[in-house]
Amino acid sequence: MSATAQAYLNTRITAMSVQLLDAQTLTALSRLTLPALAERFALEPVLDEQLSARAKARAVEQTLIHTLLADLAVLARPMTATGRGLLLSWARKYALFNLKTLIRGKLYELDQAEIRANLYDLPERVRLPHQELYRAENVLELLRVLERGPLRLIARQARESYEQRRDPFVLEAAVDQRYYAELARQAMQFQGAEADAVRQLVGAVLDRMNLLWLLRFRFSFGFSPSEAFYQLVPSKRLLHRDRLLKLANIDSFEQVLEALPAPLDALLAESKSLIDVQRCAGAMLLDECRRTLTSGRSGIARALAYLILREHDMHKLYALIQGRLLGLPQDVVDIALDLAEPNCPIGMPAAA
């Protein structure tokens with residue numbers, strides 16, 4: 001990227017960053033009524049009395065995703081092909097949500113109208129070829145169709161996993177694993193001054209994912225060390241291949257946490273459950289994104305950090321509006337927004 005394009009991108013990111021929600025703003029938003037939230041964020045569907053609460057929530061979710069992907073399109077415009085490739089690889093998670101919906105629809109023979117109602121409407125650059133996929137007779141044919149497009153690596157690994165073990169869980173795990181492997185591969189395409197900053201941030205994303213997956217596969221699902229390790233995507237940051245191999249062979253939740261490298265060991269020392277780990281690991285990633293956004297020089301890394309933080313804000317807004325639609329008590333909404341401590345029993349499984 002030229003110096004001029006880099007300067008433009010960094011200026012654009014700084015300007016867009018004022019949209020991010022700090023704790024004070026989130027607290028103020030949490031006290032607003034549903035009509036006030038709808039006006040503030042242009043979410044008119046939540047006021048449509050003809051829609052069910054579920055339809056309203058779905059419309060809000062769709063609007064928030066469009067907002068996020070519109071930001072991505074603006075940031076990608078001045079980038080080289082390598083930078084755009086990284087951001088699009090990150091955004092394809094939403095296409096993979098659609099893919100999983102289609103897979104479940106084929107597996108359980110759901111009505112096409114029901115399947116369509118649960119798909120996100122996405123921009124062309126991350127959209128699946130839905131019409132071709134609808135015509136596929138089964139899951140294997142659906143994945144073969146995808147092998148002809150930009151998701152071919154994900155589709156091929158998913159198909160091969162499903163052919164070996166006709167297990168829906170294994171199939172979805174293969175989709176997720178290939179998604180993160182592609183994100184890691186994209187990070188390795190960078191050269192020069194951008195490379196280290198991008199790899200550090202993507203490494204933080206992978207570290208969080210690897211830690212949660214390792215604990216979940218080993219101690220919630222009872223995978224063997226080799227089965228759990230196979231699902232992971234080694235990071236170039238803290239949880240590299242050799243370290244993950246060592247951790248996968250540890251036989252207790254507590255001992256895995258004790259064996260983590262600094263600063264993970266200290267950050268997670270008080271964690272008693274997967275929920276605790278999920279919260280701490282998520283907070284660590286957000287802190288890394290904020291540091292990158294505030295003091296980083298790489299426009300690509302700052303753009304990705306901004307998008308991760310913006311997505312986090314969208315999740316909070318969705319949780320707030322969902323709480324209002326369902327009429328939940330304010331203290332429950334505050335817990336969902338991380339404005340209050342949860343009162344969850346130890347040992348409750350974490351959300352996927």
Side-chain angles (χ1 to χ4, degrees), residues 1-17 20 68-96 125-126 150-151 153-154 176-213 232-244 261 263-264 281-313:
M1 184 184 297
S2 69
T4 301
Q6 183 82 251
Y8 171 81
L9 177 59
N10 275 314
T11 300
R12 172 68 74 173
I13 294 166
T14 300
M16 294 172 72
S17 296
L20 296 175
L68 177 68
L69 296 181
D71 282 359
L72 184 149
V74 170
L75 294 174
R77 199 168 297 137
M79 292 182 181
T80 62
T82 306
R84 284 193 296 273
L86 177 70
L87 295 196
L88 288 174
S89 290
W90 178 81
R92 284 198 177 101
K93 67 174 74 178
Y94 294 102
L96 297 186
R125 287 192 290 183
V126 295
L151 294 177
L153 294 178
I154 292 174
D176 291 336
Q177 197 264 359
R178 190 63 248 177
Y179 164 78
Y180 283 104
E182 176 61 17
L183 192 63
R185 189 190 72 81
Q186 288 286 342
M188 295 305 294
Q189 303 302 306
F190 290 86
Q191 304 293 327
E194 297 274 16
D196 186 61
V198 168
R199 290 171 193 168
Q200 285 293 306
L201 182 57
V202 172
V205 172
L206 295 177
D207 284 342
R208 174 188 176 276
M209 176 275 297
N210 280 320
L211 179 58
L212 294 176
W213 282 8
L232 307 178
V233 181
S235 163
K236 295 295 181 181
R237 190 176 169 124
L238 295 175
L239 299 183
H240 51 71
R241 183 184 183 281
D242 290 344
R243 186 165 280 149
L244 286 174
L264 289 174
M284 182 183 68
L285 174 58
L286 294 176
D287 285 344
E288 180 64 26
C289 289
R290 293 185 186 102
R291 280 194 294 271
T292 300
L293 187 61
T294 303
S295 57
R297 296 184 179 181
S298 163
I300 306 294
R302 293 185 72 227
L304 181 58
Y306 166 80
L307 289 170
I308 293 172
L309 292 169
R310 183 77 156 140
E311 181 184 51
H312 178 73
D313 286 353

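Residue numbers run from 1 in the order of the sequence given. What you see is a predicted model, and the numbers here were worked out from it, not measured in a lab.
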### Message
Quick one about Glu194 and Gln6 (side-chain donor to acceptor, distance below 3.5 Å, no hydrogens or angles considered), yes or no?
### Response
yes

### Task
Check whether the side chains of Ser89 and Arg185 place a donor and an acceptor atom closer than 3.5 Å, and report yes or no.
no

Grab the two heavy atoms, one from [X] and one from [Y], that are nearest each other, plus how far apart they are.
| X | Y | answer |
| --- | --- | --- |
| Tyr179 | Lys93 | OH-CE, 3.4 Å |
| Leu72 | Ala91 | CD1-CB, 3.6 Å |
| Ile308 | Cys289 | CG2-SG, 3.7 Å |
| Ser298 | Val198 | OG-CG2, 4.2 Å |
| Gly299 | Ile13 | O-CD1, 3.3 Å |
| Phe190 | Gly83 | CZ-CA, 3.9 Å |

To the closest 0.5 Å, what do you measure between [atom1] ([X]) and [atom2] ([Y])?
| X | Y | atom1 | atom2 | result |
| --- | --- | --- | --- | --- |
| Arg243 | Leu238 | CZ | CG | 7.0 Å |
| Asp71 | Arg12 | CG | CZ | 10.0 Å |
| Leu20 | Leu309 | CG | CG | 5.5 Å |
| Arg241 | Leu232 | CZ | CG | 11.0 Å |
| Thr292 | Leu304 | OG1 | CG | 8.5 Å |
| Leu87 | Thr82 | CG | OG1 | 11.0 Å |

### Task
Using the side chain to side chain contact (heavy atoms under 4.5 Å, CB included) rule, take Leu75 and Met16 through it: C-alpha gap first, then chi angles, then the decisive distance, then the call.
CA-CA 10 Å; Leu75 294 174; Met16 294 172 72; 3.6 Å; yes

### Query
Is it true that atom CZ of Arg291 has more than 12 heavy atoms of other residues, nucleotides or ligands lying nearer than 6.0 Å?
yes

Could you tell me whether the side chain of [Y] reaches within less than 4.5 Å of the side chain of [X], counting heavy atoms only?
| X | Y | answer |
| --- | --- | --- |
| Val202 | Gln186 | no |
| Val233 | Leu183 | no |
| Pro261 | Leu239 | yes |

### Task
Take Leu68 and Leu307 through the side chain to side chain contact (heavy atoms under 4.5 Å, CB included) test and state the conclusion after the steps.
CA-CA 7 Å; Leu68 177 68; Leu307 289 170; 4.1 Å; yes

### Message
Run the side chain to side chain contact (heavy atoms under 4.5 Å, CB included) test on Arg125 and Arg84 for me, step by step, so that the C-alpha distance in whole Å, both residues' side-chain angles and the decisive distance to 0.1 Å come before the verdict.
### Response
CA-CA 11 Å; Arg125 287 192 290 183; Arg84 284 193 296 273; 4.2 Å; yes

### Query
After noting the C-alpha distance and the side-chain angles of Tyr180 and Val205, does the key distance pass the side chain to side chain contact (heavy atoms under 4.5 Å, CB included) rule?
CA-CA 9 Å; Tyr180 283 104; Val205 172; 4.0 Å; yes

### Message
Please check: side-chain N/O of Arg237 versus main-chain N/O of Leu201, any donor-acceptor pairing under 3.5 Å?
### Response
no

### Query
Does Arg208 use its side chain to pair, donor to acceptor, with the backbone of Met284 at less than 3.5 Å?
no

### Task
Show your reasoning for whether salt bridge (Lys or Arg N to Asp or Glu O under 4.0 Å) applies to Arg290 and Asp287.
CA-CA 5 Å; Arg290 293 185 186 102; Asp287 285 344; 3.2 Å; yes

